[in-house]
Engineer: 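Take this structure, written in structure tokens, and hold onto it; I'll ask about it next.
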Amino acid sequence: MPSSAEREIARDVLTLSRHVLQQFGSFTAEAQDFSALMNRIALAGKMIARRLSQAGLIEGALGVTGNVNVQGEEQQRMDEYANRAFIRALEQTGLVCRLVSEEMKTPARLPENCSLSRLALLVDPLDGSSNIEANLSVGSIFSVLQPLEDRPEADHQDLLQPGRRQLAAGYILYGPSTQLVYSVGKGVHSFTLDPSLGEFILSQSDIRIPERGSVYSLNEGYFCQWSEGIQNFIRYAHRQGSYTSRYSGALVADFHRILLQGGVYLYPGTRQKPEGKLRLMYEANPLAFLAEQAGGVATTGTEAILDIVPHSLHQRVPLIIGSRENVEEVLRCLEGSLRP
Ligand code: P6P
């Protein structure tokens with residue numbers, strides 16, 4: 001029986017960079033590059049986690065910049081910091097040529113990298129940032145794409161590809177602990193940041209989303225703006241007695257709960273905004289990739305998220321994501337075969 005010291009060492013060496021190599025099953029240049037890329041994404045996450053933990057003590061760290069982002073939302077100073085952290089973490093690495101971000105109308109191009117890599121990283125650098133002032137959980141969401149060979153780079157048309165083509169996707173959850181969850185298409189795996197080591201250490205392998213859960217997660221404040229089908233699902237959930245409502249206002253935190261405990265998260269369209277609020281390329285697609293890898297489902301209500309052919313980098317989509325049986329109940333309410 002290994003000693004506790006030996007078990008501790010065995011745990012501590014299961015870092016994110018080594019796990020990526022294990023996922024590739026090789027030490028090829030491609031595997032090494034992907035391992036390095038995940039490490040740089042993790043570095044951005046560590047910088048953001050550190051800033052968040054001290055934000056209340058750092059002058060000018062909190063509050064708004066006075067700018068409005070491409071989504072028309074008030075930009076928090078932490079949004080701008082997080083965006084800069086991802087850009088700086090990827091410069092001079094040779095790993096990523098373009099960075100698409102919720103915080104930038106047009107992607108950042110890293111010319112020193114482009115001769116070595118054509119990969120694009122798409123991020124929501126700090127999702128749910130309105131939670132920061134209340135010291136609640138927020139997250140970063142990322143997606144990795146190989147540009148399409150047969151589409152022009154002009155206007156970034158070569159990135160407008162269905163989410164099923166993602167090479168990798170994941171998120172970093174800044175909560176009581178900082179966790180990184182990712183997939184390269186071989187299951188979903190989570191890592192917990194050990195600040196004393198400065199490393200993300202493997203904490204859960206091959207996460208499977210329960211077939212069914214008790215949580216439904218959406219902002220019921222919009223009830224009167226939703227379709228009859230969504231309203232009927234809410235009525236059904238209220239009358240079932242087996243559902244419980246959880247909604248934090250941060251997609252990453254709400255999805256993480258669904259991934260581990262089961263249930264369904266919804267951000268439906270409304271009559272005024274039928275496309276909803278969430279962005280396809282760097283919110284819905286990465287989480288849908290993880291959900292399907294974990295045995296779950298992600299849909300607009302009429303189409304699988306991962307099958308959508310994008311028309312623009314910042315387009316929005318309705319999102320219904322989670323356990324297979326719970327999503328099925330939503331879809332049956334939408335088609336009218338299930339009534340409250
Ligand atoms: P609402 C945060 O702005 C976000 O994109 C998601 O993280 C979150 O789930 C949702 O929007 C919250 O939006 O309209 O409920 O405040």
Side-chain angles (χ1 to χ4, degrees), residues 45 48 52 62-65 67-83 100-104 122-143 169-175 178-179 181 215-227 230-231 233-234 237 245-259 261 263-288 290-291 298-301 305 313-322 327 330:
I48 294 164
L52 285 168
L62 293 174
V64 295
T65 61
N67 303 324
V68 171
N69 68 15
V70 66
Q71 320 295 336
E73 294 168 347
E74 202 168 36
Q75 186 185 57
Q76 304 276 336
R77 288 195 180 108
M78 272 305 304
D79 287 320
E80 201 284 328
Y81 175 91
N83 191 59
V100 176
S101 168
E102 176 190 292
E103 298 304 325
M104 300 186 296
L122 299 85
V123 293
D124 180 355
L126 202 58
D127 175 74
S129 51
S130 57
N131 275 358
I132 295 171
E133 297 284 348
N135 195 35
L136 297 174
S137 295
V138 290
S140 301
I141 309 174
F142 61 87
S143 168
Y171 57 82
I172 301 163
L173 174 59
Y174 310 102
T178 298
Q179 295 209 347
V181 178
V215 172
Y216 75 104
S217 182
L218 80 169
N219 184 341
E220 295 198 41
Y222 301 132
F223 183 87
C224 295
Q225 299 176 43
W226 289 325
S227 68
I230 293 289
Q231 291 177 342
F233 171 70
I234 304 302
S245 173
R246 291 287 185 275
Y247 190 72
S248 76
L251 170 60
V252 170
D254 291 325
F255 175 75
H256 190 67
R257 179 192 287 115
I258 299 284
L259 178 69
Q261 300 172 7
V264 58
Y265 170 96
L266 307 88
Y267 205 104
T270 63
R271 281 189 289 278
Q272 293 87 345
K273 296 180 180 175
E275 75 285 355
K277 173 182 183 182
L278 302 180
R279 295 75 174 183
L280 172 62
M281 299 298 288
Y282 40 79
E283 287 179 318
N285 267 345
L287 299 189
L290 295 175
T299 173
T300 62
I305 293 288
L313 285 178
H314 298 293
Q315 79 180 69
R316 301 171 192 263
V317 289
L319 177 64
I320 302 165
I321 187 169
V327 172
V330 178

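In this text, all values refer to a predicted model and were calculated from it rather than measured experimentally. Numbering of ligands and ligand atoms starts at 1, following listing order.
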Engineer: Ignoring hydrogens and angles, tell me if any N or O in the side chain of Glu80 forms a donor-acceptor pair with the backbone of Gln75 under 3.5 Å.
Structural biologist: no
Engineer: For ligand 1, what are the residues with a heavy-atom contact below 4.0 Å?
Structural biologist: Asp127, Gly128, Asn219, Tyr222, Tyr247, Gly249, Ala250, Leu251, Tyr265, Tyr267, Lys277, Leu278, Arg279, Glu283
Engineer: Starting from the C-alpha separation in whole Å, work towards a yes-or-no answer on side-chain contact (heavy atoms from CB on, under 4.5 Å) for Gln179 and Ile172.
Structural biologist: CA-CA 6 Å; Gln179 295 209 347; Ile172 301 163; over 6 Å; no
Engineer: Just so I know, are the side chains of Ile48 and Leu126 near enough to count as touching, which here means a heavy-atom distance under 4.5 Å?
Structural biologist: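 Ile48 vs Leu126: side chains touch.
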Engineer: What's the spacing between Arg257 CZ and Tyr265 OH if we round to 0.5 Å?
Structural biologist: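 Arg257 CZ to Tyr265 OH: 11.5 Å, rounded to 0.5 Å.
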Engineer: For Glu133, is the CD atom crowded, meaning more than 12 foreign heavy atoms sit under 6.0 Å from it?
Structural biologist: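 Yes.
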Engineer: Using a strict threshold of under 4.0 Å (side-chain N to carboxylate O), is an ion pair present between Arg77 and Glu103?
Structural biologist: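 Salt bridge between Glu103 and Arg77, a charged N being under 4.0 Å from a carboxylate O: no.
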